Amino acid sequence: MVKLTMIARVTDGLPLAEGLDDGRDQKDADFYKQQAKLLFKNLSKGHHEASRMSIETGPYYFHYIIEGRVCYLTMCDRSYPKKLAFQYLEDLKNEFERVNGNQIETAARPYAFIKFDTFIQKTKKLYLDTRTQRNLAKLNDELYEVHQIMTRNVQEVLGVGEKLDQVSEMSSRLTSDTRIYADKAKDLNRQALIRKYAPVAIVIGVVLMLFWLKNKIW
């Protein structure tokens, strides 16, 4: 299944959006997010050989596609079909370009498109069960093949000597970024609740005021 999804600008490695997790397996999640950010950093330096690649890392695979100077990356279990992983990324790419395409180059702060998480979560659910008729059809679609996509090891990509040291060095920065990101997510949830229940509260308030005025008059 899909464990992690991140979108970043290739030119400078700036994270643009991320799939919010539910807090489970947080220790693992933090470690692999750090690895993903190192991958983005390498990509920003031009250290990539292909626009599509799979990278082995522990019990998982990173899969990414690069298009329009944006990298769409996901991390899946080793058993998850490679074909579905890349079609999942294609779906994200198409929607992200449609909604945010003209703002990508001008984004100046990390996670400028945090609201895209809604689409990420909805799409991830569609790809959750590989046995659904929809996903079986995608697996059998001969028009989309992934056999030629290169697979490498994360040690090769990040460099044997620097991979763990750099991951450790990024821990404190990631903690800070994660806190900021979580605060923004809470703000978005709060705003959504306000938009949902504010009209009801207003109606109730008006009704109560009419009752109060009626009692005062009579």
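All of these numbers come straight from a predicted model, not from anything done at the bench. Here, residue 1 is the first one in the sequence, and each next residue gets the next number.
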Original post:
Is there a side-chain contact between S51 and E67, using heavy atoms and a 4.5 Å cut-off?
Top reply: no
Original post:
For the atom pair CD1 (I55) and CG (N153), what is the distance rounded to the nearest 0.5 Å?
Top reply: 9.0 Å
Original post:
Taking the six-membered ring for Trp, are F113 and F116 ring centroids under 6.0 Å apart?
Top reply: no
Subject >> Trace of the side chain to side chain donor-acceptor pair (under 3.5 Å) decision for Q35 with T57 >> reply: CA-CA 9 Å; Q35 278 198 342; T57 176; 2.6 Å; yes
Subject >> Ion pair check, E95 and K122, cut-off under 4.0 Å >> reply: no
Subject >> Pair Q121, D117: side-chain N/O donor-acceptor within cut-off below 3.5 Å >> reply: yes
Original post:
Any side-chain heavy-atom pair from I104 and F96 closer than 4.5 angstrom?
Top reply: yes
Original post:
Would you call I149 and F86 a side-chain contact if the rule is heavy atoms closer than 4.5 Å?
Top reply: yes
Subject >> Nearest heavy atoms of L139 and P81, plus distance in Å >> reply: CD2-CB, 3.6 Å
Subject >> From L158 atom CG to R152 atom CZ, the distance as rounded to the nearest 0.5 Å >> reply: 10.0 Å
Original post:
Would a distance-only check, ignoring hydrogens and angles, find a side-chain to backbone donor-acceptor pair under 3.5 Å from D77 to P59?
Top reply: no
Original post:
Under a single-linkage definition using a 4.5 Å side-chain heavy-atom cutoff for Ile, Leu, Val, Met, Phe, Trp and Tyr, are L92 and V99 assigned to the same hydrophobic cluster?
Top reply: no
Original post:
Is it true that R78 and E56 have a side-chain N and a carboxylate O under 4.0 angstrom from each other?
Top reply: yes
Subject >> Same cluster (ILVMFWY, side-chain, under 4.5 Å), L128 and L4 >> reply: no
**OP:** Measure the NZ-CG distance between K93 and L89 for me, rounded to the nearest 0.5 Å.
**Re:** 10.0 Å
Original post:
Between M75 and T5, is any pair of side-chain heavy atoms under 4.5 Å apart?
Top reply: no
Original post:
Roughly how far apart are K115 NZ and I120 CD1, rounded to 0.5 Å?
Top reply: 14.5 Å
Subject >> Candidate pair T132 and N135, rule side chain to side chain donor-acceptor pair (under 3.5 Å), full reasoning >> reply: CA-CA 5 Å; T132 63; N135 289 335; 3.3 Å; yes
Subject >> Minimum heavy-atom distance Y32-F62, with the two atoms named >> reply: O-CZ, 3.6 Å
Original post:
Is M1 close to Y127 at the side-chain level, that is, under 4.5 Å between some pair of heavy atoms?
Top reply: no
Original post:
Q103 side chain to N100 main-chain N or O, any donor-acceptor pair under 3.5 Å?
Top reply: no
**OP:** Check whether any side-chain heavy atom of Y64 lies under 4.5 Å from a side-chain heavy atom of Y72, and answer yes or no.
**Re:** no
Original post:
Is the closest side-chain heavy-atom distance between M6 and F40 below 4.5 Å?
Top reply: yes
Original post:
Of all heavy-atom pairs between V10 and C71, which one has the smallest distance, and what is that distance?
Top reply: CG2-N, 3.7 Å
**OP:** Using a strict cut-off of less than 4.0 Å between a Lys/Arg side-chain nitrogen and an Asp/Glu carboxylate oxygen, indicate whether R134 and D91 qualify as a salt bridge.
**Re:** yes
Original post:
Which heavy atom in T11 sits nearest to a heavy atom in R69, and how many Å separate them?
Top reply: CG2-CD, 3.9 Å
Original post:
Which atom names give the shortest non-hydrogen contact between L14 and A107, and what distance separates them?
Top reply: CD2-O, 3.8 Å
Original post:
Stepwise, does the side chain to side chain donor-acceptor pair (under 3.5 Å) test hold for T74 with H63?
Top reply: CA-CA 5 Å; T74 188; H63 304 286; over 6 Å; no
Subject >> Salt bridge present between K138 and E90 (N-O < 4.0 angstrom) >> reply: no
**OP:** Treating Ile, Leu, Val, Met, Phe, Trp and Tyr as nodes and any side-chain heavy-atom pair under 4.5 angstrom as an edge, say whether M150 and Y61 lie in one connected cluster.
**Re:** no
**OP:** Report the C-alpha distance between E18 and K33 in whole Å, list the side-chain angles of each, state the deciding distance to 0.1 Å, and finish with yes or no for salt bridge (Lys or Arg N to Asp or Glu O under 4.0 Å).
**Re:** CA-CA 10 Å; E18 180 180 324; K33 282 179 186 178; 2.9 Å; yes
**OP:** Evaluate whether atom CZ of R131 has more than 12 neighbouring non-hydrogen atoms of other residues, nucleotides or ligands under 6.0 angstrom away.
**Re:** no
Subject >> Side chains of L43 and I66 in contact at under 4.5 Å (non-hydrogen atoms) >> reply: yes
**OP:** Identify the two heavy atoms, one from G13 and one from S44, that lie closest to each other, and give their separation to 0.1 Å.
**Re:** N-CB, 3.6 Å
